[in-house]
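Following: one structure in structure tokens, then a few remarks.
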Amino acid sequence: MKATQLVWLRNDLRLDDHPALALAAEQGPIQVVFCATPEQWQQHDESPAKLGLRAAVLQDIADRLAQLGIPFHLLEVDFFTDVPDELLKFCQQQNISELWFQAETPLDEQRRDQAVNNVLSKANINVHLLAEDLLVALPVKTQQDEPFKVFTPYYRRWLQILEDIQQAPYAEPKPQGKALKTDLLKCDWAGEFRDDLWPGNEQKALERVSAFCEIKLDDYKSQRDFPSKPATSTLSPYLANGQLGPRRLLATIQFYCGEANRDWRHDDWLRELAWRDFYKQLLLYFPRLSMGKAFKPETEKVIWREDEAGFKAWCEGKTGFPIVDAAMRQLNQTGWMHNRLRMITASFLSKLLLLDWRRGEQYFMQTLIDGEFAANNGGWQWSASTGVDAAPYFRIFNPTLQSERYDPQGLFIKRFVPELKDVPIKQIHNPPADLREQCGYPQPVVDYKQARKDAIAAFKDLPKD
DNA sequence: ACCTTATTGAA
DNA sequence: TCAATAAGG
């Protein structure tokens with residue numbers, strides 16, 4: 001009789017392409033557990049939308065596991081620090097001696113996993129802690145054995161390694177017996193989310209990957225920067241909860257690039273997946289990133305402004321800069337924001353309002369359905385010029401120019417800022433004062449030229465540590 | 001993964 | 001006036 005293998009799901013909520021599930025199932029019959037930690041999630045600013053999607057995904061998994069005859073258990077405690085004892089208790093009750101899970105890189109998660117490893121190992125439970133589930137989980141290091149601090153060289157090395165280690169997606173676990181009764185899970189912590197935009201269903205997520213690669217991969221590079229066009233994958237909410245596995249994404253890219261006779265290694269969307277790996281693995285080497293610290297120590301000396309009215313206007317999409325406001329309203333209404341707009345709004349907060357980038361980072365986490373610590377922190381520090389491979393401090397987005405370039409017809413603005421729906425194209429990017437008055441649209445909260453000068457001055461001559 | 005300003009030469 | 005280009009934040 002083979003020993004029962006317990007698979008602990010965390011941010012990898014799927015059955016397809018799941019290393020821990022697949023490898024555990026080779027060893028014996030499996031059971032699956034998820035441990036909710038709602039207080040901890042709140043401390044980490046996880047948004048209601050993200051938790052809502054998570055609950056839906058868990059229900060989908062529970063139902064499908066029941067069909068396969070695989071037992072699923074939902075545990076709940078308050079904090080990560082409560083998890084080791086809860087898992088130990090569960091293993092002892094169920095007489096389980098093998099536990100499988102995949103690493104996560106933020107510091108609190110690393111510490112939780114180490115504690116689980118210690119507590120369960122002491123109780124003679126074998127802990128199989130697999131690598132973080134990235135496309136390239138192996139260390140990607142320079143010739144000097146240092147972690148890369150710039151994306152482009154990281155990406156070159158990453159591509160080389162990826163070619164060597166290419167791994168096919170893992171198959172979904174096989175049926176393990178008669179179907180079990182399905183339970184309705186109790187997830188009091190779940191929040192509202194746009195399930196019309198992101199169904200909490202693994203099959204639909206996988207279909208979206210294929211549809212995106214088949215229809216949009218060719219034009220991704222040329223179209224991705226226009227927020228009014230549906231040119232991006234919109235898969236990030238599924239990546240954040242781990243509803244899609246990285247090998248499945250790579251295999252789908254390779255399949256459709258092959259069909260189109262293109263080299264998958266030059267695919268621009270794959271490059272975005274490399275950014276995801278880049279930011280996640282950085283947390284292993286630079287714990288200060290998980291501690292609210294800037295990557296560049298000298299930028300801790302920047303004196304950020306105190307401006308509650310400005311912050312509130314930014315959050316609510318009432319800054320008087322149409323593209324910024326449209327972007328923030330897209331975030332508030334859907335839980336998602338187009339990537340180009342994330343850069344524009346982050347630059348606006350950290351440079352033009354000169355507010356501490358951590359405030360923007362937090363608001364994004366509290367609102368985004370795809371909020372994910374590594375990428376969110378990485379993106380904000382890039383924008384604020386405090387991070388790895390950061391934009392130079394003087395690289396400040398001009399919201400009006402960005403708007404003219406990437407929303408030339410004002411279509412995106414009109415979709416989310418209805419006050420401006422009748423404003424002519426020529427004036428939509430920066431309407432004159434009297435027209436704003438007529439439309440009931442706010443005047444600009446900052447003077448762009450002056451704000452730009454102030455931002456450059458705030459960063460200039462910082463003492464090097 | 002940016003923007004401004006100065007300069008030049010053409011309309 | 002205006003587009004193209006270079007330099008520098």
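Letters go in sequence order (proteins before strands), and every chain restarts at 1.
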Counting only side-chain heavy atoms from C-beta out, which of [options] sits nearest to [X]?
X	options	result
A/Tyr406	B/dC2, C/dG9, B/dA1	B/dC2
A/Asn398	C/dG9, B/dA1, B/dC3	B/dC3
A/Lys449	B/dT5, C/dG9, B/dC3	B/dT5
A/Arg340	C/dG9, B/dC2, B/dC3	B/dC2

Aromatic plane relationship, A/Trp41 with A/Phe34 - under 30° parallel, 30 to 60° tilted, over 60° perpendicular: tilted
Ring geometry between A/Trp380 and A/Phe364 (parallel below 30°, tilted from 30 to 60°, perpendicular above 60°): perpendicular
In whole angstroms, how far is the [atom2] atom of [N] from the [atom1] atom of [X]?
X	N	atom1	atom2	result
A/Phe394	C/dG8	CZ	P	12 Å
A/Phe459	B/dC2	CZ	P	17 Å
A/Ile396	B/dA1	CD1	P	18 Å
A/Leu462	C/dG9	CG	C1'	14 Å
A/Met343	B/dC3	CE	C1'	15 Å
A/Gln223	B/dA1	CD	P	18 Å
A/Gln450	B/dT4	CD	C1'	15 Å
A/Ile456	B/dT5	CD1	P	10 Å

Derivation and outcome, ring pair (Phe, Tyr, Trp, His ring centres under 6.0 Å), residues A/His44 and A/Phe80: CA-CA 11 Å; A/His44 285 177; A/Phe80 282 172; 5.5 Å; yes
Report yes if at least one side-chain N or O of [X] is closer than 4.0 Å to OP1 or OP2 of [N]; otherwise report no.
X	N	result
A/Tyr448	B/dT4	yes
A/Arg395	B/dT4	no
A/Arg452	B/dT5	no
A/Gln402	B/dA1	no

Sugar-phosphate, base or nothing in reach of A/Asp225, heavy atoms under 4.0 Å: nothing
Touch class at under 4.0 angstrom, heavy-atom based, for A/Arg405 against every strand present: sugar-phosphate
Exceeds 12 heavy-atom contacts within 6.0 angstrom, atom NZ of A/Lys216: yes
The single option from A/Phe416, A/Phe412, A/Tyr441 passing side-chain contact (heavy atoms from CB on, under 4.5 Å) against A/Pro322: A/Tyr441
